[in-house]
Each structure stands twice: as structure tokens, then as C-alpha cells.
Amino acid sequence: MKNVPGGAYQLLVGAQSDSLRDYYTKSVRTGGKNVVDSGFAVNGDLYLDVVISAKGAGIEGNVVDSKGKPVRYATVAVVANSEHRARPDSYQQSPADERGHFAARGLTPGSYVVLAFEELPEDVRQPEFLKSYKVKGEKVEVEEGTRKSVTVKVIPAETEAP
Amino acid sequence: MCANSMVSKIKKLKITLDTAGVVREVRLNPPIQVDKADLEGIPLQPEPGGQIHGKFRLDTEGKLDWTQLTVSLLPVEENGENGSEPLFGAGGMVAAPVFSGRNSHSAVSNEPSR
């Protein structure tokens, strides 16, 4: 990448193939330091050593209503809970299917909150978002290469953040 | 630059460099506070830019078609959040969206790097 304006950046690695859905960016190192979470400064020539892993974690499950019945087509947001929060790839959003099933793959190992919305609020990535909705989500801890299953209660469209 | 009537803080500016006609987004540190009076003659000194290169590798033995990967640079705000649109996908390495402004986007080659 040439002529990058000076400043602080994070590296986002994307894939053009669906076969890489379980992959994640394990580390981005420069100057002997892992900067995958913190980002790095560009103010000259910079060398990055990027490690990719095929062993991303996964969270799958079902969205149900207050009576335990499946909710179809809810929007499920998987949000990093703490240490990886600043990473641009630590947020995933996917629609549940017609049976209320969802799956998030290629997650960085760590702690997440899984939320299901009838209607996704626009402020989903704002810093206050988790504080507002944390109590309504399911906390999940995932390790590298593992998958966990959760049942998530849908947050009705008319519900406001507590 | 002129501004009037509103009190606001300007943290980012898009400027066009006269010499090359290149539009750049620059961050202001500290932010410029605009009050009732016009502001004129503010000197802007962009941070020096640079070039990024590097190497991708797998954490285990195996092969990967590296041309299937793309890399994007997302500017980080002072508070640690990145300043781009929300990034959501169904997998950890979904197709990278196209960004505007200061974001850079690049393909990955299979060529070895130092």
C-alpha cells in the first residue's frame, strides 16, 4: 500500500471466498509488537507480519420469543465483549433463518454478547450500545477452533434500551 | 476557512492539496473550536504518510490461495474506535467492503515478501 496518509490505522483482512468463513486474523505484528487490537501508526515505511488462522471460533443457536417459540428472520448481532472490542472484525451480524437458526463463524477467540433484534437499532456499534443492551443478550466465551450453541431471546422492536 | 453562528468542534477536514489535486482527509489535533467569529488562515500540517508492506502466513502448516484475501486500512479515532461504517458479516473474513476517504484497500498477492 503506497501513499498512505499519516495517522493511526487498523488492518482489516477480508476474503473473496466463502470457503474462508472460518478464518480469522490471529495477529498483526510490527516492531515485535502485536497490534491487531490496538492498531498502528503510519508515519513512514511500515512492515506488517500478518498471521491468519483457519481455527476461528463459532457461535450458533436459535432465536426464540418470550414463550420459547422460534423467531424467524431476526437480526442477530455478535458483539465482542471487551478486549477485542476495538477490532473492526469483532462484530458480526447475520439474519436468523426461517427456523430462527443463526451462525456466526470465523470469530476471534474471546468473550461475546449475542443479541437478537426484531429490528436492529442503528447505534449498534456505539460505545454505549453494549451497556444498554447487555442484560438482554447471551454472554458466550469461545476458544480457538471451538463452537458454542446458545438460545437467544429476541428483543422486540418496541423495546427501548434499559 | 470561514464559519459562523454555530459553536462546534471540527475534528476532521477534507482538503484538496493544490499541488496534486488530491483529496485527503486529515484529523485535527487538537480539534478546532468554531465560535461566532470567522476563522481564517489556519495552518494545516498533514502528518507524514508512508508505505505499508508485509507478509501473510498461516499459523499452521497448510496452503492458502492468498489472492483470495484483501486488506483494508481503517483509520482509528482518538478514542480507540475505528472511524468507519459498521462492519458486519456472516464470517470472520467476509468480503471487505469498499471504503471511502482515508481508508485504503488492497489485494494480496502470492508473491513472497521479505
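Throughout, a chain's letter reflects where its sequence line sits, starting with A, and its residues are numbered from 1. Side chains are part of it too, since the values below use all heavy atoms of this structure and drop only hydrogens, waters and symmetry mates. All values derive from a computational prediction rather than experimental measurement.
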**Report entry** From A:L48 atom CG to B:H53 atom NE2, the distance as rounded to the nearest 0.5 Å
**Finding:** 8.5 Å
Requested in this report: Examine A:V51 and A:F40 and state if one hydrophobic cluster contains both, with Ile, Leu, Val, Met, Phe, Trp and Tyr joined whenever side-chain heavy atoms are less than 4.5 Å apart.
Outcome: no
Report summary line: In this structure, CZ of B:R57 is separated from CD1 of A:I52 (nearest 0.5 Å) by 10.5 Å
Requested in this report: Answer with side chain, backbone, both or neither: which region of A:A54 has an atom nearer than 4.5 Å to a non-hydrogen atom of chain B?
Outcome: backbone
Query raised in the report: Should A:V64 and A:F117 be regarded as members of a common hydrophobic cluster, given that ILVMFWY residues are connected when their side-chain heavy atoms come within less than 4.5 Å of each other, either directly or indirectly?
Result: no
**Report entry** Hphob cluster co-occupancy, A:L46 + A:V4, side-chain heavy atoms under 4.5 angstrom
**Finding:** yes
Query raised in the report: If two hydrophobic side chains count as joined below 4.5 Å and joins carry through other members, does A:L20 share a cluster with B:W66?
Result: yes
Query raised in the report: Considering residues, nucleotides and ligands other than A:E119, do more than 12 of their heavy atoms fall under 6.0 Å from its CD?
Result: no
Report task. State, yes or no, whether a side-chain contact exists between B:L73 and A:L11 at a heavy-atom distance under 4.5 Å. Result -> yes
Query raised in the report: Which of the residues B:D59, B:L64, B:L58, B:T60 is involved in the greatest number of heavy-atom pairs with chain A at under 4.5 angstrom?
Result: B:D59
Report summary line: Answer key: most heavy-atom pairs under 4.5 Å with chain B among A:D45, A:T30, A:V28 is A:D45
**Report entry** Which portion of A:F102 sits near chain B, non-hydrogen atoms under 4.5 angstrom
**Finding:** neither
Query - Shortest non-hydrogen contact between B:Q68 and A:S17, atoms and distance - result: OE1-CB, 3.0 Å
Report task. Before giving the answer on side-chain contact (heavy atoms from CB on, under 4.5 Å), spell out for B:F56 and A:V13 the whole-Å C-alpha distance, their side-chain angles and the decisive distance to 0.1 Å. Result -> CA-CA 10 Å; B:F56 279 84; A:V13 182; 3.9 Å; yes
